[in-house]
Amino acid sequence: MKTAARILGSACFHAGFEVQDAPRYGAERRGAPVFAYVRAAAGPIAERGVIARPDLVVVADQTLVPIAGAGVSAGVDAHTVLLINSEETAVTWRTRLNLSGPVLSFRAGGAAEDRSELPFVGASCAGAAARLLGVVSVADLEQALRQELAGLGTEVIERNLDLAGRAFAQMAEHAGCVAQGEEVPARGYRAPAWIELPFDDARVAAPVIRGAATSELVKTGLWRTLRPVIDYERCNRCWWVCSSLCPDGAIRVLDGRPEIDYEHCKGCLVCMAQCPTHAISAVPEHALEASTS
Amino acid sequence: MSRRLLTGNAAAAWGARLARADYVPAFPITPQTEIIETLADWIDHGEFDARLVTLESEHSMLTAAGAAAATGVRVFTATSSQGLLYAMEMLYTVAGWRAPFVLVNVSRGLSAPITLEPDHNDVLAARDSGFLQLHCATCQEVLDNVLLAYRLGEHQQVRLPVIVNMDGFYLSFTREPVEVPDAAMAGEFVSVYDPQNIVFRASMPESQAVAVLGGVPYSYFRYETHLAAQNALAVYEALGEQFGERFGRRYTALDCYRSEDAELVFVMMGSFATKAQAAVDRLREAGQAVGLVRPRLLRPFPEASLHAALAGKRAVAVVDQNLSFGKGGVLHTELASALYGQAGAPVLVSFVGGLGGRDIVAEEFYRMFEVTREAAASGVVPAPRLLYTEDELREVRKLQVLARAERAALGGST
């Protein structure tokens, strides 16, 4: 998403705009929601930080919608265009999210069922967004893509170019639908509801870190994209290699038989790499999800 | 010269590269790591001729930086937050060596509790170390001020290490258009480093001080450092002028925005000041005579320029992105001490906000302006305002409820 924002930012820059782009994330980890924002203006940009009232929101992953912390619809109002990467229709999303502004749904490039295609979603989103702005040409987009992806090799760049170009074309009928929102005027604005912060007893106000059981409670297995699976036919019951080397202590050995705790295995695959008898293989999570649903 | 999109981190790296730093002791910490990654990548590809060494801690990193600077080579290093604190002992020590180098600090709030986002308590902890401090508001300023910092620190009237500060995320990870000066022109500006009598020759050690000094010689060295730091003010102004002539961007110790004819002004440091700038524009559109005064230098503190810039103003809203527990905003304190006893000094109203990257939105700037205007009119200065809204407290109360529920579920006391 950071790269997608950079592609869009660069494209706007090439189109002659002043630009600001930035990603936002907390502690880095796989699977954590991440967002990035782009500002573009004819003149210098003094505003900073997260965009409070976005003109356009692009949702690259629809599974973020129900996650409150992802804040997908934060600041969205009637003027905001929301573009979501989804199989479902715009009407469905408009109703689900109870939005009053325009909603568009599109299928970002790369096949959904193949996770190795996921990195290409960004280029599609950037391409679609560029067209919705209506002020960025295909040439600007292409130049931006080549610049931001330089070093990834011709094949990757060409594939991204193709997908971004297709998304750009796909949005033709909505070109320029994004309207620049107004700055909050200094007259007649809504005053911030400042409070006198009350003193709280230290028993409440001290940031006590209670380590107890959090590693158990947090299902870090959700971060996994590849699942290590033990083939017990090949496992020679060495009773220690995989379990000792698992950085998360997610493999325990019961009666000489290793068992992976999938609620906490993050899918780093150290076990697979280290298993002397090659008894562990990696299976994409989506394949398992598909087979169980 | 080329104009391109750069993050604050990349801008800092460009500064080091264009200043032709010889030695880069490094240790990673978010949100600074991209600086040393960028430099390492350039060194790997033969684009930057320097020695980069990863140390085992920031304490060692600062020691290496100071030691290398004391051999008369140009040194660049960078850190952030807890890293700066961990290096603090050496920060004070190497400043006392009077060997100049440049340290970029990417501001990030301090622990505990932990955050990755910016406020200025980290860099303010180094306020009295002897390092000069340049505070940047844009990515362009970061690049330019790294170049200026070398000239400033190496100036024979100064000879002190310099911290160039930028806000994490708001600058470090934010790309903006930045003019990258032509390498030859930048090289000409920073010139070949003449370390004067700062030299080290193998097998020819020279003891520069006895082990422990009494108060008399000790005071001499401390006072001399203070005098050198004060000299840096005029030197910065002169260099800023030279820089402007050469590159078209003039730097002054104070950045004054629409403040000349203003009745009320905001005073703040760092990148959030550009948000104030946007608010000033909106307030001007609404017919208000308001401006912004931003010290680029915190050390030395540009007192005379502040007197001049604030003379005749009715009131000043000081917005501190830091908090000295049990006192208040540090910039407010500094400004109050600078203005005390000045005839016609403006009323100072203190606001604290933006801690740990907490945003300060346009409406808050407008409201700060109103509160300050009311204080000017009534002569009654309100208590310092800790920027916090009803909704924000509500959010925290919700987290506290969740924490209690979780504690109960774990069988703990509620």
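Note on naming: letters A, B, ... go to the chains in the order of the sequence lines (proteins, then strands), and numbering restarts at 1 for each one.
- Nearest approach of A:R6 to B:R175, heavy atoms of both residues: O-NH2, 3.0 Å.
- B:Q277 approaches A:A46 most closely through the heavy-atom pair CB-CB, 4.4 Å.
- Across every non-hydrogen atom of A:D200 and B:R397, the tightest pair is OD2-NH1, 2.7 Å.
- Looking at B:E364 and A:W194, their side chains do bring a donor and an acceptor atom within 3.5 Å of each other.
- Neither the backbone nor the side chain of A:Q147 comes within contact range of chain B, judged by heavy atoms closer than 4.5 Å.
- Between A:E18 and B:R3 there is a salt bridge, since at least one side-chain N of the basic residue sits less than 4.0 Å from a carboxylate O of the acidic one.
- We find that B:K275 and A:E47 are joined by a salt bridge, their nearest charged nitrogen and carboxylate oxygen being less than 4.0 Å apart.
- Nearest heavy atom pair, residue A:G49 against residue B:Y170, reads CA-CE2, 3.4 Å.
- Without hydrogens or angle criteria, B:R282 side chain to A:A186 main chain gives no donor-acceptor distance under 3.5 Å.
- Side-chain contact between A:V184 and B:E363: present, with at least one pair of heavy atoms (C-beta onward) separated by less than 4.5 Å.
- Between B:L387 and A:P192, every side-chain heavy-atom pair lies at or beyond the 4.5 Å cut-off.
- The candidate from B:D281, B:V396, B:T174 with the greatest count of non-hydrogen atom pairs under 4.5 Å with chain A is B:T174.
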Step by step, work out the side-chain contact (heavy atoms from CB on, under 4.5 Å) result for B:L5 and A:V19.
CA-CA 8 Å; B:L5 293 176; A:V19 166; 4.0 Å; yes

